[in-house]
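Only one structure is covered here, and it is reproduced in the block below.
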There are 2 protein chains.
Amino acid sequence: MTTPGQGLHSHVLAALGLAITAGECPPGTVLRTDELAQRFDVSRTVVREVVRVLESMHLVESRRRVGVTVLPTESWNVYDPQVIRWRLAGADRPRQLRSLTVLRSAVEPVAAGLAALHATPAQCRELTEQALGMVATSRGRQLEAYLVHDIAFHRVVLNSSGNEMFARLGDVVAEVLTGRTHHHVMFEDPDPAAVTLHVQVAEAVRERDAARAEALTREIAVGALKELDVLAP
Amino acid sequence: MTTPGQGLHSHVLAALGLAITAGECPPGTVLRTDELAQRFDVSRTVVREVVRVLESMHLVESRRRVGVTVLPTESWNVYDPQVIRWRLAGADRPRQLRSLTVLRSAVEPVAAGLAALHATPAQCRELTEQALGMVATSRGRQLEAYLVHDIAFHRVVLNSSGNEMFARLGDVVAEVLTGRTHHHVMFEDPDPAAVTLHVQVAEAVRERDAARAEALTREIAVGALKELDVLAP
DNA sequence: TGTGACATAAAAGTCATACTTTTAATTCCC
DNA sequence: GGGAATTAAAAGTATGACTTTTATGTCACA
């Protein structure tokens, strides 16, 4: 959940990355390495390495005789987990959650359909187990425990799809679900209808019913979108 | 299309990135910075910056007293455009094209549906124009010209969706379409049915018919999947 | 013989500095 | 006023010295 790293490099990277994604240093801002070195009290070496990483994320661009220019949002590598984490920690967290949820709503149904075709028996079992865990923790303010099962469930679906692009979205989904739980209501128990849907998805996958798994997951997605008012009621 | 960069840094980065994604230096391989500096005939400074970037892509991990370890595929940032380009240039290009096409098949229909809701008049016009361009170049071995319109069409759809995560997949789609054209048949003209579908999508978006835009785009996606034998006929 | 504390060394991490290269901006000449 | 030569500012590169972490080997002790 937290950003790893204990060296100087990680520290400066986190500070600069956060600052940029948070909107301080708006696009067009020009930074100089010497100035940054002074500001963070580190050597130019460290700053240069950090700048190179930020450059690979297309957050900044470094040009001779000019300096390090902050790039506009459209250039950013918004799929970089690091960038996602920074943005979720910043001001436009709600906007970010929305766009990630829309992405989920597109990807997860298809992933579930593929999972029904490709999931191993072990994955089917795991899926059922997590769904049951969700049921068990869906009442009585056990939101943290519920979240753990919810995340695990969606991770298994994505992994079982057999598509590596889908599988890699596990972290994103985890981030979204966590953000939702910790920010939204936190007091109410999860929607019983959603819980049931998860159980049914596990069922459909187990029975290799791809169309049903996809349709059910699409229902879950619609629910998530409604929750964020992305959809009209 | 090509990787930019003219400095030493870019050169070494490209060489190492390609080597790793291509499967030389299999996961677990340990590299040492001094050795790399010697191999590429650059200073340790440059190597360290490159390693830091590769580390941010989760291609490698650098640990004291151990060295720079190549990480397993599951860790890689497979959404990083740079990584995608390297992998498409390497041996498992077909596998890569498949998994990207599956991603497209999930995302683009939803994006088209949203585009029908959010596209500006200018974007609608652009969409129609590109679709007509596809029609005009769909016969007589004008594959390169057709490709340009095809890419532009899908880019407009993704951008019009109003979702930045979708918008950023424009490059990926371009990469896939290019790869398909340049590798697949290259002799046959595009499938007339697909061309018609594109025109109809433009129509649906213009008429704000989200459901139809989504359904039609799903048909296009099914076609793309069939072409790669991802789907049973 | 096994086990835990200790010493060793290997490699990355950091810093300071000197130097090179690119290039925006200024100056100067026509 | 415009174009060519000059200048200087900033990133890029190289090198060497030093620090810190840590895997591994050693040795004493049980």
Side-chain angles (χ1 to χ4, degrees), chain A residues 2-17 19-20 24-72 75-76 82, chain B residues 2-17 19-20 25-72 75-77 82:
Chain A
T2 41
T3 302
Q6 41 221 335
L8 285 181
H9 176 82
S10 322
H11 177 249
V12 176
L13 180 63
L16 255 185
I20 292 173
E24 327 163 24
C25 319
T29 306
V30 175
L31 310 163
R32 270 159 302 133
T33 51
D34 292 310
E35 179 205 306
L36 291 172
Q38 210 170 349
R39 180 155 116 211
F40 292 105
D41 194 37
V42 293
S43 69
R44 269 192 352 130
T45 312
V46 171
V47 172
R48 298 200 80 265
E49 286 169 13
V50 167
V51 166
R52 279 271 140 89
V53 171
L54 292 174
E55 210 173 9
S56 89
M57 298 171 173
H58 291 90
L59 293 185
V60 304
E61 184 194 39
S62 177
R63 286 175 58 197
R64 275 175 151 133
R65 166 68 208 229
V66 173
V68 177
T69 313
V70 177
L71 293 176
S75 312
W76 299 356
Q82 187 65 105
Chain B
T2 41
T3 302
Q6 42 218 335
L8 287 180
H9 176 84
S10 324
H11 176 248
V12 176
L13 181 63
L16 254 185
I20 291 173
C25 317
T29 306
V30 175
L31 310 163
R32 268 158 305 133
T33 50
D34 293 314
E35 178 205 306
L36 291 172
Q38 210 171 349
R39 178 155 116 210
F40 292 107
D41 194 36
V42 294
S43 68
R44 288 199 333 276
T45 312
V46 170
V47 172
R48 298 201 79 264
E49 287 169 12
V50 167
V51 167
R52 279 269 138 90
V53 171
L54 293 175
E55 212 172 7
S56 89
M57 297 170 173
H58 291 91
L59 293 185
V60 303
E61 184 195 38
S62 178
R63 287 174 58 197
R64 274 174 151 133
R65 165 69 210 232
V66 173
V68 177
T69 314
V70 178
L71 293 176
S75 313
W76 299 356
N77 262 358
Q82 186 64 107

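These numbers come from the heavy atoms of this one structure, side chains and all, not from hydrogens, waters or symmetry mates. By convention in this document, chain letters (A, B, ...) are assigned in the order of the sequence lines, proteins followed by strands, and residues within each chain are numbered from 1.
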- prompt: Going by an N to O cut-off under 4.0 Å, is there a salt bridge joining B:E49 and B:R52?
  reply: no
task: Rounded off to whole Å, could you give me the CZ-to-P distance for the A:R52 and D:dG12 pair?
output: 5 Å
- request: Provide, to the nearest angstrom, the distance between the CD atom belonging to B:E49 and the C1' atom belonging to C:dG13.
  value: 14 Å
- prompt: So, does the side chain of A:R65 form a donor-acceptor pair with the base of D:dA10 at under 3.5 Å?
  reply: no
message: Nearest whole Å is fine: how far is C:dG13 P from A:F40 CZ?
response: 20 Å
Protein-nucleotide distance (B:R64, atom CZ; D:dT24, atom P), rounded to Å: 17 Å
Atom-pair distance (CD on A:E61; C1' on D:dA10), nearest Å: 14 Å
- request: Kindly point out which of D:dG12, D:dT20, C:dT14 is positioned nearest to the side chain of A:S62?
  value: D:dG12
query: Rounding to a whole Å, what distance do you find between A:D34:CG and C:dA16:P?
result: 12 Å
message: What is the distance, to the nearest angstrom, from the CG atom on A:L54 to the P atom on D:dA11?
response: 14 Å
message: Whether A:R48 contacts D:dG12 is assessed here as follows: a side-chain N or O lying under 4.0 Å from the phosphate OP1 or OP2. Is that the case?
response: yes
field: Heavy atoms of other groups near A:H58 NE2, more than 12 under 6.0 Å
entry: no
message: Given A:V60, which partner from the list A:T69, A:V50, A:I20, A:T29 fulfils the side-chain contact (heavy atoms from CB on, under 4.5 Å) test?
response: A:I20
message: Under 3.5 Å, is there any donor-acceptor pair linking the side chain of B:R44 to the base of D:dT13?
response: no
task: Counting heavy atoms from C-beta on, name the nucleotide in D:dG12, C:dC15, D:dA14 closest to the side chain of B:T45.
output: D:dA14
Crowding at CD, B:Q38 (>12 non-hydrogen neighbours, <6.0 Å): no
Atom pair distance, as rounded to whole Å: CG in B:L8 and C1' in D:dG12: 8 Å
statement: Heavy-atom nearest nucleotide on DNA chain C taken for B:R63 and for A:D41; more 5' hit belongs to B:R63
- request: Respond yes when some side-chain nitrogen or oxygen of A:S43 is under 4.0 Å from OP1 or OP2 of C:dT14, and no when none is.
  value: no
